[in-house]
Amino acid sequence: MYALVDCNNFFVSCERVFAPYLNGKPTIVLSNNDGCAIARSEEAKALGIPMGAPLFKFRDIVEAHDVKVFSSNFSLYGDISRRVVDVLHRFAPEVEVYSVDESFVYFPFDITPTDALEWGRKIRDVIWRWVGVPTRVGFGPTKTLAKLANNMAKERSDGVCYVGADYTDLFKKTPIENVWGIGRNNTKKLYSLGVYTVYDFTSKTNAFIRKNFTVVGLKTAFELRGVPCFTLEDAPEPRKNRLISRSFGEEVTQLADLKEALVQFCHAGGRKLRKAGQFASALGVFVRTNPHKNRKNVTSGSAVLNFEAPTNNTLQLIKGVEALVKKVYVPGHAYKKAGIMLFELVQAHTPRQQSMVPEEGGYDHIGEAPALMEALDAIQKKCGRFSIGFGRYGLKARPSQSKWQGRREKTSPLYTTSWEQLPDVK
DNA sequence: TCTGGGGTCCTAGGACCC
DNA sequence: TCTGGGGTCCTAGGACCC
């Protein structure tokens, strides 16, 4: 038996944990750069604010109804997310963190749907009391059915639901696009093939599904019929690539500004690699002008280089960026977005080809962080992320002074991850 | 004026090997 | 007239997820 535990309107719910005055008020959280609505409270949804819509398109609604607006505060959301997962581990030994607001839970013992629903109510109750965010719990014999049940739980007053493989009546009423793994494109194709509901889909032959939707679609069909094809990934595979990118607050035309942004991304990238014990084999840089401003004339560029030996040394990433940015930067263009990509990430213990001629300033033994990086991480951890950097790359003392930094005008405090910003209890 | 930031998996087809 | 039977690796592109 699988369960999917999903936090309702997660980012908004996180904001409400420490600001209960927001309860009952229409509230939204914006994407980076205060661009789009990426989380909406039920009240905000009722006002017609669409998911992913840019703020300027519904600003009149915000003003007319006094919608509470927040910039995204991912430190807070990440911390709340960890707390939710901690609670789940008390209920079941096997938990797969699927995303920041969703986890799969596997119950390895026999459990009836009735008992499952009782468990679900208990899980919701404890998360609500201990962490302070509302959740929904869906149960099913496969992950896909649990996910569907989670969707159905929206309609249930107790926020829990079970869906079995034999729920034919339900399947006849459920649109196929509600199924996990059936996206926009497949929906269009399914409609054209006369498939509109879950029932229509599961009734098709395997050969038909395989032919039109590859093994991916076939697995989904099996899952809906109650045959598990996706198991719990309790020890997720280490990630293979990493992307660090941002849209800029203001368009960037100068090479120095572009470089400064990319160097910041290298800091973030290096830190993330070291934390995960990973090393990047190759580095990519990309830049892009604003696609919304001049749709016909969006320019982008990218370049990649291979490291002689995989690295997680920030300084080596920066050196790589220095070489690559010259290839992609074209004077006269106004860049709106840029990023770095770290490819073919390897773990410290992965066997690898040694370089015959060690790079100057590099290091030979993978897994051995150079003392400089250890010091950098330690100082940044103690004194803050911008307390130290590589001076010659134009790092300003406070990066908010840079034009490439995005807008974050309505950020809530770091209630749980900064000593200075702990909330007061009166 | 203003439009996010991450990821994964699968397939087809070409180049190349014996 | 008739033209084998295996493989691997890489890339681009398309689909999906949050």
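Owing to the predicted nature of the structure, the values given are computational and were not obtained by experimental measurement. In what follows, chains carry the letters A, B, and so on, assigned in the order in which the sequence lines appear, proteins first and then strands, with residues in each chain numbered from 1.
- A/Glu344 and A/Asn241 are not linked by any side-chain donor-acceptor pair at a separation below 3.5 angstrom, with hydrogens and angles left out of the test.
- Counting non-hydrogen atoms under 4.0 angstrom, A/Asn33 reaches nothing in the nucleic acid.
- When the P atom of C/dC9 is taken as reference, atom CD of A/Glu344 falls 13 Å away, rounded to whole Å.
- Nucleic acid contact class of A/Leu30 (heavy atoms, under 4.0 Å, all strands): none.
- Which of B/dG4, C/dC18, B/dG6 sits closest to the side chain of A/Ile244 comes down to B/dG6.
- Residue-level contact check: A/Lys219 touches the backbone only, with heavy atoms under 4.0 Å from sugar-phosphate atoms and none from bases.
- A/Val215 comes within 4.0 angstrom of sugar-phosphate atoms only, judged by non-hydrogen atoms across all strands, and of no base.
- Proximity of A/Ser247 to the phosphate of B/dT3: no side-chain N or O atom is located under 4.0 Å from OP1 or OP2.
- Each of A/Thr214 and A/Leu55 has a nearest nucleotide on DNA chain B; the 5'-most of these lies closest to A/Leu55.
- Of the listed nucleotides (B/dG5, B/dT8, C/dC18), C/dC18 has the atom at the smallest distance from the side chain of A/Glu102.
- Set against B/dT3, B/dT8, B/dG4, the side chain of A/Phe56 has B/dT3 as its closest nucleotide.
- Within 4.0 Å of A/Asp34, counting heavy atoms only, lies no atom of the nucleic acid at all.
- Between the CD1 atom of A/Ile176 and the P atom of C/dC16 there is a distance of 12 Å, given to the nearest Å.
- A/Thr411 and A/Asn73 are not linked by any side-chain donor-acceptor pair at a separation below 3.5 angstrom, with hydrogens and angles left out of the test.
- Among the heavy atoms of the strands lying under 4.0 Å from A/Lys336 are primed sugar atoms or P, OP1, OP2 only; no base atom is included.
- Judged by distance alone, the side chains of A/Tyr335 and A/Gln254 never bring a donor and an acceptor atom under 3.5 Å apart.
- For the pair A/Gln264 CD and B/dG5 C1', the computed distance is 17 Å after rounding to whole Å.
- A straight line from CD1 of A/Ile38 to C1' of B/dC2 spans 16 Å, rounded to a whole angstrom.
- The C1' atoms of B/dG4 and C/dC17 are separated by 15 Å, rounded to the nearest whole Å.
- Between A/Trp180 atom CH2 and B/dG7 atom C1' there is a gap of 14 Å when expressed in whole angstrom units.
- Across all strands, A/Lys57 comes closer than 4.0 Å to no nucleic acid atom at all (heavy-atom distances).
- Residue A/Arg242 places at least one side-chain N or O closer than 4.0 Å to OP1 or OP2 of B/dG7.
- Along DNA chain B, the nucleotide closest to A/Gly35 and the one closest to A/Val216 are compared, and the more 5′ of them pairs with A/Gly35.
- Of all nucleotides listed (B/dG5, C/dC16, C/dC18), B/dG5 comes nearest to the side chain of A/Ser245.
- In this structure B/dC18 sits in a base pair with C/dG5, meeting the Watson-Crick or G-U test at under 3.5 Å.
- Close placement of the A/Trp180 and A/Phe104 rings is indicated, their centers lying within 6.0 Å of each other.
- A straight line from CG of A/Asn178 to C1' of C/dC17 spans 15 Å, rounded to a whole angstrom.
- The CZ atom of A/Arg407 sits 12 Å away from the P atom of B/dG5 (whole-angstrom rounding).
- A donor atom on one side chain and an acceptor atom on the other are not found under 3.5 Å apart for A/Tyr106 and A/Glu96.
- For the residue pair A/Ser41 and A/Asn9, no side-chain donor N or O sits within less than 3.5 Å of a side-chain acceptor on the partner.
- In this structure, A/Lys337 does not reach the B/dG6 phosphate: none of its side-chain N or O atoms is under 4.0 Å from OP1 or OP2.
- Residue A/Lys189 has no polar side-chain atom (N or O) positioned under 4.0 Å from OP1 or OP2 of C/dA15.
- Rounded to whole Å, atom P of C/dG14 lies 14 Å from atom CG of A/Asn186.
- At a threshold of 4.0 angstrom between heavy atoms, the contacts of A/Phe213 with the nucleic acid are absent.
- Residues A/Gln380 and A/Arg271 have side chains that bring a donor and an acceptor to within less than 3.5 angstrom of each other.
- If you check C/dC18, B/dG7, C/dC16 against the side chain of A/Asn185, the one that comes closest is C/dC16.
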